[in-house]
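First the structure, in the form of structure tokens, and then the observations on it.
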Number of protein chains: 2
Amino acid sequence: MSQSKTDPRVVRTRKLIMEAFVDLSSKKEFKDITVKDITTEAMINRATFYYHFEDIYDLLEKALSEVLLINLDCHNFEENGINGDSIVLIFKAITNFQKTLSNRCHRGYEDTIARIIREQLEVIFYKMLLKQNTEEENEALKIAAVMLSWGIYGASVEWRRNSREILPDEFIKSAIPYMMTGIKFSKLG
Amino acid sequence: MSQSKTDPRVVRTRKLIMEAFVDLSSKKEFKDITVKDITTEAMINRATFYYHFEDIYDLLEKALSEVLLINLDCHNFEENGINGDSIVLIFKAITNFQKTLSNRCHRGYEDTIARIIREQLEVIFYKMLLKQNTEEENEALKIAAVMLSWGIYGASVEWRRNSREILPDEFIKSAIPYMMTGIKFSKLG
DNA sequence: CCCGAATCGTTGTATTTCCAACACATTGTA
DNA sequence: TACAATGTGTTGGAAATACAACGATTCGGG
């Protein structure tokens with residue numbers, strides 16, 4: 001919360017690196033992108049890259065997380081609780097995010113990307129659960145968040161596998177009633 | 001020539017400041033633009049501004065000089081010597097530059113702008129004269145450059161005053177024959 | 001197999017940029 | 001007039017970035 005505002009220089013530099021990376025991703029596969037490519041494109045020193053990121057995989061994680069968060073537009077959800085509408089919006093955000101990813105080439109890193117998506121979802125669901133559950137059931141809420149994130153992600157896998165002719169909205173809506181009873185149940189637990 | 005390449009940080013920062021200034025110029029008059037405005041817009045620290053520029057007037061000079069130089073696209077001219085074609089191109093560049101300026105508000109600084117234009121022209125003409133005169137008549141060439149810069153600038157003033165219905169091309173072309181004899185003469189001098 | 005070129009990740013030092021504070025000038029306003 | 005608010009130009013010290021160099025690793029070609 002009260003983190004003293006970050007130095008404008010790091011904001012600039014991170015932005016430059018991220019943009020360079022996203023830019024390169026649309027031209028090359030991930031495996032062909034070098035740190036040198038990125039720093040050259042971003043017009044920053046290579047040593048500076050390592051000041052901000054452990055390595056290129058660290059950058060991949062953070063870049064994808066950020067893009068995903070922008071897709072999710074989380075401020076909306078964190079305020080309100082979990083309900084049918086928010087589930088639909090989140091599901092649409094994920095399928096949309098994966099569509100933008102398909103334009104880039106991250107072959108061989110599907111598992112990494114899947115993990116990143118689930119982790120982000122988990123954080124968001126946890127915050128939402130905290131909002132609507134004042135009591136101190138933190139551990140239970142964490143587990144619930146994990147399950148929700150895996151569930152939603154799994155739904156997106158299923159949708160891509162053999163239901164792409166159905167709109168994401170329709171697809172997830174059909175399952176929501178059953179999801180919601182599950183949520184209610186976990187709340188009572 | 002051999003100036004050891006400048007630190008990428010200063011390139012970035014100067015660019016940010018210039019862009020912020022050009023941006024603000026299209027919204028406010030120059031007299032209403034503060035250093036704080038610029039540094040805020042450019043997202044750099046105010047102290048950093050003074051690391052690069054003496055004050056806002058210094059920025060005005062350098063920004064205008066740069067925009068003018070871009071308009072002039074000088075690399076073309078410096079290679080070749082002075083001739084009818086280069087005169088026409090330079091004249092068109094000046095009138096064009098002044099047209100872009102008229103969209104911004106620099107009221108009360110017309111004299112400053114005029115001086116900047118003449119100074120830039122003088123530098124360019126001097127380089128061109130050096131190219132086509134190998135002998136060591138540097139002082140004479142400098143004077144010639146001064147005269148040419150004033151002359152061309154004066155022509156642009158005259159054009160704006162009561163010949164705007166004529167295209168800049170036509171306007172300057174009509175005078176070129178007489179200009180060129182003047183140049184030939186100074187070369188013989 | 002070895003070699004050379006390129007990238008990686010790290011380090012020490014120089015330079016740039018940030019930040020907070022200062023005295024001073026200007027401006028609006030009570 | 002006084003006085004609050006805002007901008008100017010400067011300073012010293014902290015933090016971020018640049019740069020050059022290093023050994024280690026990877027990879028493709030001879």
Side-chain angles (χ1 to χ4, degrees), chain A residues 2-25 27-64 66 105-109 112, chain B residues 1-25 27-64 66 104-109 112:
Chain A
S2 65
Q3 51 179 340
S4 49
K5 52 192 168 190
T6 58
D7 193 313
R9 287 172 291 187
V10 328
V11 177
R12 268 208 296 280
T13 300
R14 286 216 166 94
K15 191 155 146 268
L16 286 173
I17 294 176
M18 296 271 193
E19 287 174 349
F21 178 62
V22 170
D23 216 49
L24 287 172
S25 298
K27 299 173 190 158
K28 293 183 185 185
E29 298 197 39
F30 175 73
K31 74 173 176 49
D32 293 329
I33 297 176
T34 69
V35 173
K36 196 174 193 347
D37 287 338
I38 295 168
T39 56
T40 302
E41 173 84 16
M43 290 194 298
I44 58 135
N45 194 276
R46 198 164 53 89
T48 306
F49 175 92
Y50 291 102
Y51 183 88
H52 293 282
F53 303 96
E54 285 213 359
D55 50 31
I56 202 172
Y57 303 100
D58 185 32
L59 171 61
L60 174 67
E61 300 226 359
K62 288 173 177 160
L64 289 186
E66 197 178 279
C105 291
H106 298 291
R107 261 182 303 182
Y109 295 90
T112 303
Chain B
M1 285 295 175
S2 65
Q3 50 179 343
S4 49
K5 53 193 167 189
T6 57
D7 193 315
R9 287 173 290 187
V10 329
V11 176
R12 270 207 298 278
T13 301
R14 287 218 165 94
K15 190 155 147 271
L16 286 172
I17 294 177
M18 294 272 192
E19 288 174 349
F21 178 60
V22 170
D23 216 48
L24 287 172
S25 297
K27 298 174 190 156
K28 294 184 184 185
E29 298 197 39
F30 175 74
K31 75 173 176 50
D32 293 328
I33 298 176
T34 70
V35 173
K36 197 174 194 346
D37 287 338
I38 295 167
T39 57
T40 302
E41 174 84 16
M43 290 193 297
I44 59 134
N45 195 276
R46 199 163 55 87
T48 306
F49 175 92
Y50 291 101
Y51 183 88
H52 293 281
F53 303 96
E54 286 212 359
D55 51 33
I56 202 172
Y57 302 101
D58 185 32
L59 170 62
L60 174 66
E61 300 227 357
K62 287 173 176 161
L64 289 186
E66 197 178 281
R104 327 207 167 271
C105 290
H106 296 292
R107 260 182 303 184
Y109 296 89
T112 302

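Computed from a prediction, not measured in an experiment: that's the story for all the values here. Atoms considered below: every heavy atom in the structure, side chains included; atoms not considered: hydrogens, waters and symmetry mates. Below, chain A is the first sequence line, B the second, and so on; all start at residue 1.
For the pair A/Asn45 CG and C/dT10 P, the interatomic distance rounds to 15 Å; values are reported in whole Å. The interatomic distance linking A/Ile44 (CD1) with C/dT17 (P) rounds to 15 Å, in whole Å. A/Asp7 places its CG atom 10 Å from the C1' atom of D/dA14, with the value rounded to the nearest Å. The nearest whole Å value for the distance from the NZ atom in B/Lys31 to the P atom in D/dT6 is 19 Å.
Shown here for B/His52 and B/Val10, the closest heavy-atom pair between the two residues is CE1-CB, 3.7 Å. Contact detail for A/Ala42 and A/Leu16: the closest heavy-atom pair is CB-O, 3.6 Å. The two residues A/Ile44 and A/Phe49 make their nearest non-hydrogen contact at CD1-N, 4.0 Å. Scanning all heavy atoms of the two residues, the minimum distance from A/Lys27 to A/Asp23 falls at NZ-OD2, 3.4 Å.
The distance from the OG1 atom of B/Thr13 to the CE atom of B/Met43 is 11.5 Å, given to the nearest 0.5 Å. Atoms CZ and CG, from B/Phe21 and B/Leu60 in turn, are 5.0 Å apart once rounded to the nearest 0.5 Å.
Residues from residues 33-41 of chain B that place a heavy atom under 4.0 Å from any atom of DNA chain D, listed by number: B/Thr34, B/Val35, B/Lys36. Sorted by residue number, the members of residues 46-57 of chain A with any non-hydrogen atom under 4.0 Å from DNA chain C read A/Arg46, A/Ala47, A/Tyr50, A/Asp55. Of the residues in residues 11-22 of chain B, B/Arg12 come within less than 4.0 Å of DNA chain D through at least one heavy atom, sorted by number.
Under the rule for a salt bridge (charged side-chain N to carboxylate O under 4.0 Å, His left out), A/Glu66 has no partner lying at least two apart in sequence or in another chain.
Applying the side chain to side chain donor-acceptor pair (under 3.5 Å) definition to pairs two or more places apart or across chains, those involving residues 32-49 of chain B are B/Lys28-B/Asp37, B/Thr34-B/Asp37.
Within 6.0 Å of atom CD in B/Glu29, more than 12 heavy atoms from other residues, nucleotides or ligands are found, so the atom counts as buried in its surroundings.
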Using the side-chain contact (heavy atoms from CB on, under 4.5 Å) rule, take A/Leu59 and A/Val35 through it: C-alpha gap first, then chi angles, then the decisive distance, then the call. CA-CA 10 Å; A/Leu59 171 61; A/Val35 173; over 6 Å; no

A/Met18 and A/Lys62: side-chain contact (heavy atoms from CB on, under 4.5 Å), yes or no, with the steps? CA-CA 9 Å; A/Met18 296 271 193; A/Lys62 288 173 177 160; 4.1 Å; yes

B/S/- contact track for nucleotides 24-29 of chain C, protein heavy atom under 4.0 Å: ------

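No donor-acceptor distance shorter than 3.5 angstrom exists from the side chain of B/Arg104 to the backbone of B/Leu24, with no hydrogens or angles considered.
The aromatic rings of B/Tyr109 and B/Phe30 sit perpendicular to each other, their planes meeting at more than 60°, with 30° as the lower class boundary.
For D/dT17, its base never sits under 3.5 Å from the side chain of A/Arg9 at any donor and acceptor pair.
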